[in-house]
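Throughout, a chain's letter reflects where its sequence line sits, starting with A, and its residues are numbered from 1. Note: hydrogens, waters and symmetry copies are ignored here, and every other heavy atom, side chains too, is used.
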Amino acid sequence: MPLIKDGRIVEDRFVRLDEEGPLPDVVPVLVPAERFLGNQAEYLAAKVPLGVLWPNNKRVSELEPYLGRLALIALHFPAFKDGRAYSQARILRERYKYKGELRATGDILQDQFLFLLRAGFNSFEVKKDADAAAFAEAAHRYSIFYQPTGDGRTTALRERLRRFHANKTSASVPDKEHAS
Amino acid sequence: MYVYDEFDRTFVKERVNDFRGQVKRRLAGELTEDEFKPLRLMNGVYLQLHAYMLRIAIPYGTLSSKQLRMLGHVARKYDKGYGHFTTRQNIQFNWIKLEELPDAMADLASVGMHGLQTSGNCIRNITTDHFAAVAPDEIEDPRVWGEIIRQWSTLHPEFTFLPRKFKIAISAAKADRAAIRVHDIGLRLYENEAGEHGFEVMVGGGLGRTPFLGKTIREFLPKRDLLSYLEAVLRVYNQFGRRDNIYKARIKILVHEIGAEAFSKEVEAEWAQIKSGPLALDTITVADIVSRFQYPAYEALKDETEALESAKRDKQFETWYENSVAPHNQPGYAVVTVSLKPEGAPPGDATAEQMEKIAGLADRFSFGEIRVSHVQNLVLPHVAQRDLPELWRSLDALGVATPNVNLISDIISCPGLDYCSLANARSIPIAQGLTRRFRDLEKQRDLGPIHINIDGCINSCGHHHIGNIGILGVEKNGEEVYQIKLGGRSDSKAQLGELLGPAVPAGEIIDVVENIIDVYVELRKNPHERFVNVVHRVGLEPFKERIYAAH
Ligand code: SF4
C-alpha cells in the first residue's frame with residue numbers, strides 16, 4: 001500500500017504494532033490506541049518516535065496531554081463514506097494545534113485527497129497505486145474553496161473582498177477571515 | 001436573483017471536469033460500481049429503475065429565465081422531453097445516459113447549474129420560501145442566508161461524508177411556506193424584542209420511517225454566528241450520529257436518543273470553541289453577498305383595482321386570479337403561481353416546451369425570474385398587475401393555468417414505482433386518479449384548501465406525514481396497498497398526521513378519499529371551516545366509521 005507524505009510517495013518509517021508483542025527499541029512505532037492508553041508511561045518514555053493509531057469513535061481530546069510527544073497520529077476511515085475522522089483531524093490541528101504527522105488510513109481513494117488535505121492530513125495510506133500516482137493532479141482539481149479550515153487556503157468570500165478593495169483603493173485588506 | 005461571479009463559474013467548471021474524469025474511470029473499469037456510487041451521488045446522479053437519474057440543484061428555488069431555458073434544452077436533448085420538479089425545489093431528469101452525463105452537466109454549468117449536494121450524505125441544497133423577497137409578511141430576504149449557507153456547505157471538507165443526508169430550510173416570514181419543522185435543521189428568521197434579527201434554530205425534524213418535528217435548541221441566534229453555530233451542530237452530528245443502521249442515522253435519531261437538551265449542550269460546548277473564529281460573519285462579508293443579489297427595478301405603480309375589476313368580468317380569469325395570484329410587497333405587482341398539476345398529469349412534470357415558454361413569459365412579465373415551490377409548482381414572482389390578463393391567457397394556452405393552487409387536486413406526489421428503485425407502490429397513478437375524480441373545479445373551491453401528499457415508500461419524499469391527507473403505498477403479499485394518515489400539516493402549526501386504520505387496496509383508494517371528503521363536508525360547521533381543522537376538532541372516529549364500515 002503506497003504511502004504519500006507531504007505530496008510524495010515515501011517509505012513508511014513506522015512499524016505498526018499489533019495489540020500484543022514486544023516494543024522495538026530502535027525504529028519508530030505506530031501503536032494502537034487501546035494498547036497505548038493502557039500503558040502511556042511506558043510508551044512516552046521510549047526513546048523512539050511514537051505514533052498512535054486512533055479509532056474514529058473516540059474523542060481526540062483524550063490525546064491532548066500527549067500531543068507534544070507524538071510524531072504521528074493515524075486516523076482511520078473504515079469506509080470511504082465514514083467521515084468521522086475529518087472532524088477529528090480538524091480538532092487536532094485547529095483546536096489542539098497538533099503539529100506532527102497526521103495520517104489517513106483505511107479506505108482512501110484519490111477523490112478524498114483534497115478533503116483530507118483541507119481537514120489537516122498530510123500523509124495518506126492509499127489503497128491503489130493509480131490513485132497514489134494521481135495525487136498531485138487530484139490535489140489541484142479545484143482552485144476555489146468556499147469555507148475556511150485550518151489549511152490556510154483563502155476562501156471565495158475573502159478573495160472577492162480582496163479583489164474588491166484592490167480595485168477600489170490601495171487600502172490594506174484584512175488577511176484573516178474575520179475583519180471584526 | 002443571485003449572480004454567480006468568476007469564482008463560482010470556475011468552481012462549477014472544475015466540478016464538471018472532476019466528474020468527467022470519474023465517468024471515464026468508471027467506463028474504463030478503473031472504478032467499480034461500488035466505488036463510483038458515492039462519487040456519482042456527490043453529483044446528483046442516481047441509478048433508478050430504468051436509467052441513471054440526474055438531479056439538479058435549484059438553490060433556494062430561484063431560477064433565471066436563462067437557467068429554465070437550459071433545463072428545457074437538457075430535457076429535449078438528453079432526456080425524453082420533460083423534467084420533474086421535486087418537493088426539494090430541485091428538478092430531476094429520469095432518462096439520461098451515463099456517457100452523456102458529463103455533456104449534460106457541462107451545458108448546465110454554462111448557466112451556473114450543477115447537481116452538487118442533491119444526493120449523498122452531505123448538506124443538501126438549501127430550501128426556503130418560494131415567495132422569498134416578495135411576500136408581504138416577510139422581514140428580510142431569507143435567500144441571502146441560504147446563499148451564505150450554500151457557499152459554506154459546498155464541498156465542505158469535513159461534512160461531505162456525514163452519517164446521512166442533511167437538509168436545512170429557512171423561513172423569514174410569518175407564515176411558514178418552507179416546512180422548516182420537518183428538516184434536519186429549520187431556521188426561522190425573526191425580529192426579537194430588542195429589534196434585532198436572528199434565527200430560531202430547530203434541529204432533528206424529518207419524515208421517513210420515524211417522523212419527528214424539529215426541536216428548538218436555540219431561541220435566538222445572532223446572524224453573525226449563523227455559520228459557526230451550524231458548523232458546531234454538524235460537527236457534533238458527524239462524530240456522534242449513528243452509522244451502524246441507515247434507518248437510525250439521521251440527526252433526528254441522535255437528538256431523540258440523547259435528548260434535545262443534551263444535544264444542545266454538546267453543540268454549545270463546541271460552538272464556544274469556534275464562535276469567534278473565521279466563520280464569524282462580519283457585515284462586509286454579508287454586504288458582499290447581498291450586493292450580488294439582483295432585485296428587479298420595479299416601476300412606481302399603483303394597485304390596479306379598477307382594471308382588474310373589469311378584467312374579472314371574464315369568469316375564467318376571475319377564478320384563476322382568486323386562486324393563483326398572491327399579494328406582492330410592491331404596490332401594483334403580484335405573485336403568480338403556475339400550476340404544474342393539470343388534471344390527469346404527473347404532479348410537478350413540465351415539458352421542454354413548457355419550460356422554454358415559461359422562461360419567455362418570465363422575461364416578458366417577471367423580470368426574468370422564476371421560483372420553484374416545494375409544492376411542485378412554479379412561481380412568477382414579479383408580475384405587474386396590469387399584465388395579469390395577458391399572462392393568464394399565455395399560461396392557459398400552455399396548460400399551466402389550472403386554478404387549483406392549494407386545492408385538493410394540487411397534489412404532492414413522489415415519483416414512486418414508475419421510476420424509483422426504492423418504491424413499494426405507485427404514487428403518480430394515484431395522484432392522476434384523484435385529479436380526475438375531483439376534476440370539478442367548483443367543487444374543489446367549495447372544499448377549500450386541502451393538501452394531499454402521496455408516497456411510494458416510507459422514505460416520504462412526498463411528505464405524506466404532513467399532508468392533510470397523507471397516502472403511503474406499501475406492499476402486502478405482492479400487492480400495492482395504501483395507508484392513510486389524516487390531519488398532518490406543514491405550516492407554522494406543523495403537525496404529523498395520524499394513521500386512519502388498515503391499508504386499503506389500490507382499487508379502492510380513490511373511493512376512500514372521496515368518502516373522507518364526504519364526511520368532512522357533512523361535519524364542517526360552515527363552508528369556511530377547513531378540512532384539517534375539522535379533522536382536529538372531531539378526531540379520526542367519524543372517518544374510521546365511514547371508511548371501514550363501507551369497505
Ligand atoms: S418516497 Fe420512496 S418511492 Fe417515493 S421517491 Fe422517495 S424513495 Fe422513491
Do [X] and [Y] have side-chain heavy atoms sitting under 4.5 Å apart?
{"X": "B:Leu155", "Y": "A:Leu114", "result": "no"}
{"X": "A:Tyr146", "Y": "B:Trp152", "result": "no"}
{"X": "B:Arg243", "Y": "A:Asp82", "result": "yes"}
{"X": "B:Phe240", "Y": "A:Asn57", "result": "no"}
{"X": "A:Phe80", "Y": "B:Glu35", "result": "no"}

Contact leader toward chain A among B:Gln22, B:Arg150, B:Met42, B:Arg15, where contacts are heavy-atom pairs under 4.5 Å: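 Of the options given, most contacts go to B:Arg15.
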Partner chain A: residue of B:Asn121, B:Asp288, B:Ile274 with the largest heavy-atom pair count (under 4.5 Å):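 Highest number of heavy-atom pairs under 4.5 Å: B:Asp288.
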Can you say whether [X] sits under 4.5 Å from chain B via the side chain, the backbone, both, or neither, judging by heavy atoms?
{"X": "A:Gln110", "result": "side chain"}
{"X": "A:Lys58", "result": "neither"}
{"X": "A:Ser87", "result": "both"}
{"X": "A:Arg95", "result": "side chain"}

How long is the span from the [atom1] atom in [X] to the [atom2] atom in [Y], to the nearest 0.5 Å?
{"X": "A:Leu157", "Y": "B:Gln151", "atom1": "CG", "atom2": "CD", "result": "5.5 Å"}
{"X": "B:Ile284", "Y": "A:Leu161", "atom1": "CD1", "atom2": "CG", "result": "6.5 Å"}
{"X": "B:Ser291", "Y": "A:Arg160", "atom1": "OG", "atom2": "CZ", "result": "9.0 Å"}
{"X": "B:Asp18", "Y": "A:Arg141", "atom1": "CG", "atom2": "CZ", "result": "5.0 Å"}

Derivation and outcome, side-chain contact (heavy atoms from CB on, under 4.5 Å), residues A:Ile144 and B:Asp8: CA-CA 8 Å; A:Ile144 306 292; B:Asp8 303 294; over 6 Å; no
Side chain, backbone, both or neither: which part of [X] has a heavy atom under 4.5 Å from chain A?
{"X": "B:Arg25", "answer": "side chain"}
{"X": "B:Asn238", "answer": "both"}
{"X": "B:Thr160", "answer": "side chain"}
{"X": "B:Arg164", "answer": "neither"}
{"X": "B:Glu231", "answer": "side chain"}
{"X": "B:Arg235", "answer": "both"}
{"X": "B:Ile289", "answer": "side chain"}

Specify the closest pair of heavy atoms between [X] and [Y], including all atoms of both residues, with the distance to one decimal.
{"X": "A:Phe115", "Y": "B:Pro157", "value": "CD2-CA, 3.5 Å"}
{"X": "A:Gln147", "Y": "B:Ser153", "value": "NE2-C, 4.3 Å"}
{"X": "A:Lys128", "Y": "B:Glu30", "value": "NZ-O, 3.3 Å"}

Would one find more than 12 heavy atoms of other residues, nucleotides or ligands at under 6.0 Å from atom [atom1] of [X]?
{"X": "B:Tyr247", "atom1": "OH", "answer": "no"}
{"X": "A:Lys81", "atom1": "NZ", "answer": "no"}
{"X": "B:Glu33", "atom1": "CD", "answer": "yes"}

salt_bridge(B:Glu158, A:Arg84) N-O dist < 4.0 Å: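 Judged by the 4.0 Å cut-off on N to carboxylate O distance, B:Glu158 and A:Arg84 do not form a salt bridge.
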Basic-acidic side-chain contact under 4.0 Å: B:Glu266, A:Arg59: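 Looking at A:Arg59 together with B:Glu266, the answer is yes, because their closest N to O distance falls below 4.0 Å.
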side-chain contact (heavy atoms from CB on, under 4.5 Å) between A:Arg118 and B:His156, intermediate numbers included: CA-CA 9 Å; A:Arg118 298 222 59 210; B:His156 196 298; over 6 Å; no
Parallel, tilted or perpendicular, as decided by the 30° and 60° cut-offs, for the rings of A:Tyr86 and B:Phe161: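 Aromatic pair B:Phe161/A:Tyr86 classed parallel.
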